[in-house]
Undergrad: 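Quick one: the structure is below, and I'll ask about it shortly.
Just so it is clear: chains get the letters A, B, ... in the order the sequence lines come, proteins before strands, and each one is counted from 1.
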Amino acid sequence: MSVIYILITVSIFVAVVFLFAFIKAVKSGQYDDDYTPSVRMLFDDELVKSTNKLTKTDKQKMN
Amino acid sequence: MDTNNCFHCGNEIIKKDEVVFDEKSFCCNGCKTVYEIFSQNDLSCYYDFENAPGATPQEIKGKYDFLDDEKIITKLLEFQEDTTSIVSLYIPHIHCSSCIWILENLQKLQSGISSSQVNFPEKKVRITFNSTDTSLKDIVYLLSSIGYEPYISLDNYETGKKEVDRSLIYKAGVAFFCFGNIMLLSFPEYFEVDEFWINQYRGFFRWLIFALALPSFLYSASDYYVSAYKSIKSKMLNIDIPIALGILVMFVRSTVDIVFDYGQGFFDSLTGLIFFMLLGKLFQQKTYSFLSFERDYKSYFPIAITKLNSDGTEIPVQVYDIEKGDRLLIRNQELIPVDGILIAEKASIDYSFVTGEAIPIEKKSGDKLYAGGRMIGSVIEMEVLFSVSQSYLTQLWSNDIFQKKIDQKHKTITDKVSQYFTPILLLLALVVFIFWLFIDVSTAFNVLTAVLIVACPCALALTAPFTLGNVLRIMGKQKLYLKNATVIEQLAKVDTIVFDKTGTITSNKKSNIEFEGNDLTSEELSLLKSVIRGSNHPLSRKIYEFLPNSPKLEIQEFEEITGKGIVAKANNLIVLIGSASLIGITDESDTKQTKVHIKINNEYKGYFVFDNQYRKGVEELFKKLSNKYELKILSGDNEGEMENLQSLLPKDTELIFNQKPEQKLEYIESLQKQGKNVMMIGDGLNDAGALAQSNVGISISENVNVFSPACDGIIDATQFSKIGYFLKYSKNAMLTIYMSFGLSLLYNIVGLSFAITGNLSPLVAAIIMPLSSITVVSFVTIMSNFYAKKMQ
């Protein structure tokens with residue numbers, strides 16, 4: 001058994017895994033909306049920021 | 001921060017209405033309330049992403065009472081099980097990242113909502129909620145209270161959930177997988193040298209390639225077989241026949257090659273070809289998902305309306321269940337769904353959906369109300385005359401033209417070319433085959449298959465999708481949104497353009513009148529008003545309404561000179577009202593504006609000037625277009641504006657007035673019977689029939705998100721003067737396609753010269769095919785971008 005059989009089998013196997021990952025991603029609807037996620041990923045910690053801001057303005061008011 | 005604009009919605013603040021809260025100024029209480037809601041819930045960074053992103057919440061009292069009805073709710077929900085419900089709502093106001101952020105944080109505003117997700121391109125929000133803690137009605141009220149009122153129409157009621165077709169992406173994915181791997185595995189044989197190891201593993205490589213080609217051949221390319229079969233069946237030769245034939249022949253020949261160990265076959269070219277062609281299809285599939293080109297009256301109509309029972313109680317009733325004789329309650333801003341008779345003292349109805357005319361029409365008790373009008377002001381009652389489907393407006397949709405499928409309406413340019421290409425190719429293959437039969441039988445078969453393989457019009461098939469897809473995108477950036485790529489071909493063929501008048505070449509804004517000249521005394525004003533009373537000319541009516549109320553004077557003499565004006569005598573003063581020539585002056589200033597001059601007792605007083613209500617650039621556009629196109633104007637209005645239009649537009653423009661919706665449709669049809677390719681540009685629902693009948697129906701809209709009738713394209717009103725440019729650009733796009741056809745045919749000829757002489761090796765095929773595809777694709781992309789730039 002030559003090493004070329006193993007290598008090619010492995011390479012094809014990896015390619016098949018990626019193909020399935022792609023098909024699954026499309027099926028789950030990931031490619032239906034390609035704009036909103038790009039905006040959404042920037043949101044995460046906005047809420048924390050807003051409370052900080054509020055306390056800041058509160059402090060200003062107290063002064 | 002600009003203090004003159006509302007912190008929430010960005011509208012200009014009128015001083016006396018200004019509301020100051022939390023050191024910020026708002027234009028009205030509604031905007032302030034939304035801000036209050038957000039800041040109380042720690043959501044005020046809504047204002048951080050975008051300046052003034054909000055909208056003023058509208059009054060919706062009672063509008064969504066129908067959401068109490070279980071039957072209607074079930075129809076609207078996307079998913080429902082136990083207590084979990086999911087609903088997708090269309091919200092026209094979604095326009096920026098602030099909108100996404102606030103709508104995805106809805107659960108902080110209402111406890112029953114578990115999550116919400118925005119689909120920005122479609123302007124939709126998908127809300128998952130617990131139906132025991134909250135209801136659909138509560139959610140809709142919440143959304144409305146923060147300025148994001150969803151749009152729920154009859155359309156939602158009927159369609160339910162739509163299936164998304166993603167098969168093309170799957171096919172392209174599989175094709176790419178096959179193509180990539182086969183390419184890698186083919187390399188050893190491209191550089192074939194008689195080395196020991198290659199000879200040893202040749203069989204393994206070849207059969208692996210064969211196995212990898214199967215999914216591409218059987219699955220990815222399946223659309224071509226189906227289309228070719230259909231085209232043979234309907235006896236129309238389209239481009240898919242030589243493609244399917246090429247693929248088939250390539251596969252069989254390659255299989256034979258490796259079975260009998262003649263060579264490595266053409267699997268690399270085969271899978272590459274399939275992948276490139278699917279890529280072209282994907283590229284062309286650009287759609288504007290936030291726009292809808294298929295709307296009919298259903299997207300305008302509400303799902304339910306309030307019905308008055310005989311005992312005076314109000315119940316929501318589904319629009320389709322309305323019967324003749326029912327009494328309906330129409331609130332402010334509600335749409336009248338059926339024809340009926342007004343029972344309130346008076347009402348003003350805005351028919352802008354139907355006619356494009358923005359000025360509301362006054363109706364008195366007993367007047368007939370037509371479906372499609374929007375109620376403005378107080379609450380009215382009406383009695384139903386016809387059910388929804390029998391109403392005047394909706395009857396238009398029973399015309400056959402709305403049943404036709406648009407795809408079948410036209411033959412595409414590629415199909416037309418392939419009408420010649422396919423028979424010539426088959427003939428050539430046959431001739432060459434017979435020729436070689438006399439020399440060598442086995443070479444003859446080789447040559448036959450090689451011809452069919454190399455002539456497979458892959459580059460030809462790629463030309464149109466890539467050019468048109470690119471043009472579609474370029475036009476979209478300039479705010480002309482076309483339904484699909486075939487519209488461009490139709491656009492290039494247009495020779496007659498029909499415009500609607502109101503709302504299309506005129507803008508919907510109310511025209512303003514101003515007086516310029518010496519100030520008129522109150523005596524003179526009452527004199528003018530009394531004189532003008534007697535005239536029925538539309539300009540007179542407008543001036544009459546413009547002038548303040550004043551005591552009536554007795555008219556001693558009165559004469560109206562058609563096309564000139566009025567000569568009258570009252571209070572022993574001679575009054576001249578009319579054009580410059582009547583007054584006896586020469587008007588050297590701007591002639592585009594409509595003016596009415598005034599002369600009292602031989603003293604020139606000045607003139608009334610009418611704000612130009614026509615869209616900017618109408619005159620230049622018509623002048624430019626009149627050289628190449630036949631121009632016509634179809635109007636639902638009376639002839640009042642005729643003179644005005646005639647002076648404004650080129651002389652050979654045909655003007656037709658008093659056209660009902662069906663007459664517009666018939667008029668377009670009669671033009672088409674004369675062999676003309678008609679483009680219709682309109683806006684209201686009354687143009688819907690004409691838009692559908694015409695070869696290209698373009699709907700013009702002040703705000704493309706707002707509703708426009710079914711059409712082939714939507715153009716932003718600000719781009720109106722560019723119509724000439726778009727038409728020319730589409731012609732250049734077709735020119736690009738023809739040039740590219742020439743280029744790809746050149747490749748075919750080169751390839752054929754290899755094939756006919758029996759020298760087509762897999763390596764040559766593997767080079768020629770991708771090379772031709774890539775040249776063609778880059779050629780058309782560069783050319784279409786070049787034309788777009790050059791013409792600006």
Undergrad: Around atom CZ of A:Phe20, are there more than 12 heavy atoms from other residues, nucleotides or ligands closer than 6.0 Å?
TA: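 No, CZ of A:Phe20 has 12 or fewer neighbouring heavy atoms, counting only those of other groups under 6.0 Å.
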
Undergrad: Please classify the contact of A:Val39 with chain B as side chain, backbone, both or neither, using a heavy-atom distance under 4.5 Å.
TA: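 For A:Val39, side-chain heavy atoms alone lie under 4.5 Å from chain B.
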
Undergrad: Taking atom CZ as the centre, does B:Phe176 end up with more than 12 heavy-atom neighbours from other residues, nucleotides or ligands that are less than 6.0 angstrom away?
TA: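 No - once you tally the heavy atoms of other residues, nucleotides and ligands closer than 6.0 Å, there are 12 at most.
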
Undergrad: Do A:Ser11 and B:Leu184 have side-chain heavy atoms sitting under 4.5 Å apart?
TA: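 They are not in side-chain contact.
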
Undergrad: Within the 4.5 Å heavy-atom criterion, are B:Phe177 and A:Phe22 side-chain neighbours or not?
TA: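 The answer is no; the side chains never approach within 4.5 Å.
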
Undergrad: Supply the atom-to-atom distance A:Tyr5 OH to B:Leu208 CG, rounded to the nearest 0.5 angstrom.
TA: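 The distance works out to 10.5 Å.
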
Undergrad: Indicate yes or no: at least one non-hydrogen side-chain atom of A:Ile8 is less than 4.5 angstrom from one of B:Phe204.
TA: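 They are in contact (side-chain heavy atoms under 4.5 Å apart), so the answer is yes.
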
Undergrad: Is the backbone N or O of B:Glu104 less than 3.5 Å from a side-chain atom of A:Arg40, with the two atoms forming a donor-acceptor pair by type?
TA: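 No; zero donor-acceptor contacts below 3.5 Å.
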
Undergrad: Looking at B:Val118, B:Leu212, B:Val174, which one has more heavy-atom pairs under 4.5 Å with chain A than the rest?
TA: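 Between B:Val118, B:Leu212, B:Val174, the count favours B:Val118.
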
Undergrad: Compare all side-chain heavy atoms of B:Leu185 with those of A:Ile12 and state whether any distance is below 4.5 angstrom.
TA: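 Yes, side chains in contact.
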
Undergrad: For A:Leu19, is it the side chain, the backbone, both or neither that has a heavy atom under 4.5 Å from a heavy atom of chain B?
TA: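 Answer is side chain: those atoms of A:Leu19 sit under 4.5 Å from chain B.
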
